[in-house]
Q: 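Pasting a structure here, questions to come.
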Amino acid sequence: MFRNRRADIFLPMIATFLLWLKTYTVYRTCFHFKPINLTQEIILFINPIGFLMILFGACLFLKTRKSRSRYILISSFILSIILYANIVFYRFFNDFITIPILFQTNNFRELGDSVYTEIKWWDFIFFLDILVLYYVQKKQFLLSISVNPDNVRHRRLYFLIACIIMMVNLGISEIDRPQLLTRTFDRKLLVKNLGPYSYQLYDIILQSKSSAQKAFADETKLMDTQQYVQANYTPPNKEYYGLAKGRNLILISLESTQNFVINSTLNGKEISPFLNHFLKDSFYFPNIYHQTGQGKTSDAEFIVENSLYPLNRGAVFFTHSGNTYASMAKKLQTAGYYTAAMHANNKSFWNRNIMYKSIGYQKFFSSTSYEITPNNSVGWGLKDIPFFEQSANLIRSLPNPYYVKLITLTNHHPFRLNEEDNLIDEYDSDDPIVNRYFTTVRYEDEALKHFIQKLKEENLYKRSIIVLYGDHHGISENHHAAMSHYLRKEITPYDSFNLHRVPFIIHIPGITDQGKGITFSTVGGQIDIRPTILHLLGIETKEDVQFGHDLLSPSFKQYVIFRDGRFVTDQYLWTANTCYLRESGIAVDVEQCKPYIGKESKIFMYSDKIIYGDLLRFNKER
Ligand code: GP9
Ligand code: MN
C-alpha cells in the first residue's frame, strides 16, 4: 500500500534525475562551465532541478499510467533535443540558441557544412537516458500501476520541494549576480544560473515582450533618444571632412577577419601580404573591436549601416527586418548615390532579401547574378577571387556615383580551400580549424589584391573610396589552446578581449596612397564606421540617430562597449571583473575602471528602444 502511494511520484523524479544528471554533465564537458566559487558551483549543480521537477511533475495531474508515461517520455525527448541543439550550436558559435534564431530555418539548410562538422558520431549518447527512462516505465521498475487518491498529499509535497529548490536557486543567483534577469544580457550567465530549459523559456517571454513594445511605442520615446544622441554628437574634423566627396564608395566586409593576422607571419611567411602593403597606403585602424552578436556577418552589416547596436539575442536581420531604418544607404541615396549590395549567396540567407529593402539598397546582386559552378565554389559558396572578378563587372554597370557593399565568404568557418588555392601551408597545431584559418585568410588577401588590380584595369579605382572591415572573429574562445600555441603565450582574458579586434581600412586613391597612409591608434568599434565614412564623403550626420562617432574627429571619445559589461577605453580594458591597462595588459586596481562600469546599459537601452519600438518610423527627418 505504502509502496503504491509513494510510487506515483517516482516517475517524474526519475525523469528529473536522469535529465539533471545529463544536463550537469553537459555543463562540465560540452559548455566547459568553470564555477569560480562555491556559490556558483552550487547554482550550477542545482539549477536544472526546479524546472525539471515542475515540468515532469505535471504528469501527476494525468489520470492514467499510460498518459503519464507518454507525457514524461515526450517531454524528456523534447528537452533532450533542446539541450542537444544547444550543444551543437555552442560548438560552432560558442553561444546558446535563442528563439529568433530557431525560426531561421532557411539558414540551417545553408549552415550545413559548419553544423555537419560539429555533429559527432558519438552524439547519440546524449539520448541514451531516454532509453533508460523508457525501460523504467515499461518494466514498472520502482513504479506503481495504481493511481492512489491519497497521493494528493505527496503531489503537494513534491511541488513544494520543487518550488523551494527553484526559489533557493534564484535567490543565490541573485546574490551572486544581482539583477540577473533585468540587467544581464549575457546568455552564458543566464544558462549558468537558470539552466538551459528555464533560459529557453525566459527567452520566449522576452520575445513576446519585444513584440508588445513595438505596439506601445510612440513618438515621445524617439524624442528622448534623439536628445541623448544629439547631446553626444561629435563634430567632424575639418581636415578630413569631405576628403572623398562625390566618390564612389566601395565597402567590403571581410569574413571572419581578425586584426591579429595583419603584419603577422606563419612559418616566416606573411599571412596577409597584400593588406600589409595596402594599409601603408590607407587610413588604418588596428584598434577597432567588432560588436556583433548572434547575427554575426549580418549584425556587422547592421551596425555599419545604422550605427545602432545589434540585439543581445537573435539576429536583428530576422527579428526586426520590417522596421524603418535611417541607414547609410538611404542617406547616400538622398545625396544622389545609387546603392547596391553584392553577395554571392542565396538572397534569403540571413533574410537579406527582406532586410535589404528596409536598409534601402536599390539593387541586391545575390547568387542569381553570379555564375556559380562546383569548380569556382568552396565551403559556403562562390570563392572570393571569382566573386570579386564577377562583381567588378557588375560594378561597371552601376550609375555614378554609387555605393556598393561586397561581402566576402571564403574565410568562413570551417575554413576550407581547394588544394590549388592553398597559398601558404596550414598551421600545425592539434586544432584543424585554427590550422586552416591562416590559409583561408591568405586566400582572401590574394582575392583583395586581384580585386584592386581589376578595379584599376576597369578604370573604377581612381574615383572611389575603398573601405574594408572585418565582420567578426573567426577563431572563438573554444580554440584558444591552438591560438596560445601560435601566439606563444598564455591567453589571458585581456588577450582574449583583444582578439576581437578587426581591421578597419580606408583607402582613398590619390590621397592616402603613395605611402601617405596613416595608422590611427584610436580605440573604437564598428559602431563608429558609419559616421566616419559619411563625414569623409562630406555628408553631415548631425541630425542622425546614431550611436557611433567619427573616428577622425579630434573630440572622439575612445570608449567601446559590449553587451556583457566589458568595455575598453584609450587607457583601460575591463573584462572578467579585472581592470587592465589597455596597452600593457597589466591588471590594476578595479577602482580605476569604476567610473565606466555599468555605464553601457543606458546606451544599449536607448539603442534597443529604437529597434524594439521601431522608433525611426516616427522620424520626420528620414
Ligand atoms: C553568409 C554570410 C556568413 O551569407 O553571412 O555569415 P556568418 O556565419 O559569418 O554570419
Ligand atoms: Mn561572417
Q: Is there a donor-acceptor contact under 3.5 Å linking the side chains of His413 and Tyr437?
A: no
Q: Under the rule for side chain to side chain donor-acceptor pair (under 3.5 Å), what residues qualify as partners of Glu255, not counting sequence neighbours?
A: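 Glu255: side chain to side chain donor-acceptor pair (under 3.5 Å) contacts with Thr297, His472.
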Q: Measure the acute angle between the ring planes of Tyr24 and Phe45, then classify it against the limits of 30° and 60° as parallel, tilted or perpendicular.
A: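 If you compare the ring of Tyr24 with that of Phe45, the planes turn out perpendicular.
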Q: Is the Phe317 ring parallel, tilted or perpendicular to the Tyr356 ring (thresholds 30°, 60°)?
A: perpendicular
Q: Just by distance, with hydrogens left out, do Tyr84 and Asp123 show a side-chain donor and acceptor under 3.5 Å apart?
A: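 Yes, Asp123 and Tyr84 have a side-chain donor paired with an acceptor closer than 3.5 Å.
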Q: Can the ring centroids of His343 and Phe349 be said to lie less than 6.0 angstrom from one another?
A: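 For His343 and Phe349, the ring centres are not under 6.0 Å apart.
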Q: Just by distance, no angles: are the side chains of Tyr27 and Asn47 close enough, under 3.5 Å, to form a donor-acceptor pair?
A: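 Distance-only check passes for Tyr27 and Asn47.
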Q: Counting distance only, does the side-chain N/O of Glu600 pair as donor-acceptor with the main-chain N or O of Phe567 below 3.5 Å?
A: no
Q: Got a second to check how far Asn353's CG is from Ser366's OG, nearest 0.5 Å?
A: 8.0 Å
Q: I'd like to know if the side chain of Gln258 and the backbone of Leu499 have a donor-acceptor N/O pair within less than 3.5 Å.
A: yes
Q: Given 3.5 Å as the limit, does a donor-acceptor pair link the side chain of Gln526 with the main chain of Ala300, or not?
A: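 No: the side chain of Gln526 does not pair with the backbone of Ala300.
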Q: Go through Arg352 and Glu301 one step at a time and tell me if the salt bridge (Lys or Arg N to Asp or Glu O under 4.0 Å) criterion holds.
A: CA-CA 10 Å; Arg352 284 193 175 95; Glu301 293 179 69; 2.9 Å; yes
Q: Would you call Glu41 and Lys192 a salt bridge, using N to O less than 4.0 angstrom?
A: no
Q: Regarding Thr257 and Glu444, do their side chains bring together a donor and an acceptor under 3.5 Å, going by distance alone?
A: yes
Q: Is the shortest heavy-atom distance from the side chain of Pro196 to the side chain of Thr23 under 4.5 Å?
A: yes
Q: Would you sort out whether Tyr572 and Tyr580 count as a ring pair (Phe, Tyr, Trp, His ring centres under 6.0 Å), showing the intermediate values?
A: CA-CA 6 Å; Tyr572 303 111; Tyr580 294 92; over 10 Å; no
Q: For the residue pair Ser80 and Ile130, establish whether any side-chain heavy-atom pair is separated by less than 4.5 Å.
A: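 The answer is yes; the side chains approach within 4.5 Å.
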Q: Hey, what's the ring geometry for Phe318 with Trp350, parallel, tilted or perpendicular (30° and 60° as the breaks)?
A: perpendicular
Q: What is the minimum heavy-atom distance between Thr410 and Leu382, and which atoms define it?
A: OG1-O, 4.2 Å
Q: Using the side-chain contact (heavy atoms from CB on, under 4.5 Å) rule, take Asn418 and Lys383 through it: C-alpha gap first, then chi angles, then the decisive distance, then the call.
A: CA-CA 10 Å; Asn418 297 331; Lys383 296 195 270 189; 3.0 Å; yes
Q: Contact between Pro12 and Tyr158 at the side-chain level, heavy atoms closer than 4.5 Å - yes or no?
A: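 Pro12 vs Tyr158: side chains touch.
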Q: Is the side chain of Asp471 donor-acceptor paired with the backbone N or O of Ser253 at a distance under 3.5 Å, no angle test?
A: no
Q: For a 4.5 angstrom cut-off between non-hydrogen side-chain atoms, does Trp20 reach Phe51?
A: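 When only atoms from C-beta onward are counted, Phe51 and Trp20 do not touch, as no gap falls below 4.5 Å.
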Q: Can you check whether Gln40's main-chain N or O pairs, donor with acceptor, with Asn37's side chain at less than 3.5 Å?
A: yes
Q: Test the Lys609-Phe216 pair against the cation-pi criterion, namely NZ or CZ under 6.0 angstrom from the six-membered ring centroid and within 45° of the ring axis.
A: no
Q: Rounded to the nearest 0.5 Å, what separates atom CD1 in Ile433 from atom CG in Asn435?
A: 9.5 Å
Q: Is the shortest heavy-atom distance from the side chain of Phe260 to the side chain of Met483 under 4.5 Å?
A: yes
Q: Heavy-atom distance under 4.5 Å between the side chains of Ser484 and Lys489, does that happen here?
A: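 No; the side chains remain at least 4.5 Å from each other.
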Q: Can you see whether Thr292 engages Asp299 through a side-chain donor-acceptor pair at a distance of less than 3.5 angstrom?
A: no
Q: May I ask you to test the Asn422-Tyr443 pair for a side-chain heavy-atom distance under 4.5 Å?
A: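 Not in contact.
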Q: Can you confirm whether the side chains of His32 and Glu477 place a donor and an acceptor under 3.5 Å from each other?
A: no
Q: For Thr578 and Tyr494, does a side-chain donor sit closer than 3.5 Å to a side-chain acceptor?
A: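 No, Tyr494 and Thr578 have no side-chain donor paired with an acceptor closer than 3.5 Å.
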Q: Scan side-chain atoms only and decide if Asn346 and Ser367 contain a donor-acceptor pair under the 3.5 Å cut-off.
A: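 Note: Asn346 and Ser367 side chains miss the donor-acceptor criterion.
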Q: Under the ring pair (Phe, Tyr, Trp, His ring centres under 6.0 Å) criterion, do Phe89 and Phe96 qualify, and how do the steps go?
A: CA-CA 7 Å; Phe89 194 80; Phe96 298 97; 8.5 Å; no
Q: How far apart are the closest heavy atoms of Ala482 and Asp431, and which atoms are they?
A: CB-CB, 3.5 Å
Q: Please confirm whether Arg566 makes a cation-pi placement over Phe562, using NZ or CZ under 6.0 Å from the six-membered ring centre and within 45° of the ring normal.
A: yes
Q: Between Ser256 and Phe415, is a side-chain contact (heavy atoms from CB on, under 4.5 Å) present by the stated rule, with each step listed?
A: CA-CA 10 Å; Ser256 303; Phe415 312 114; 4.2 Å; yes
Q: With Tyr289, which residues qualify under side chain to side chain donor-acceptor pair (under 3.5 Å), at least two apart?
A: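 Partners of Tyr289 by the side chain to side chain donor-acceptor pair (under 3.5 Å) criterion, ordered by chain and then number, come out as Asn498.
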Q: I want to check something: taking the side chain as every heavy atom from C-beta on, are Tyr427 and Tyr486 in contact at a cut-off of under 4.5 Å?
A: yes
Q: Kindly indicate whether a cation-pi arrangement holds for Arg563 with Phe604, taking the cut-offs as under 6.0 Å to the six-membered ring centre and within 45° of the axis.
A: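 Checked: cation-pi criterion met.
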Q: Quiz question: by atom type and distance under 3.5 Å, do the side chains of Asp495 and Thr492 form a donor-acceptor pair?
A: yes
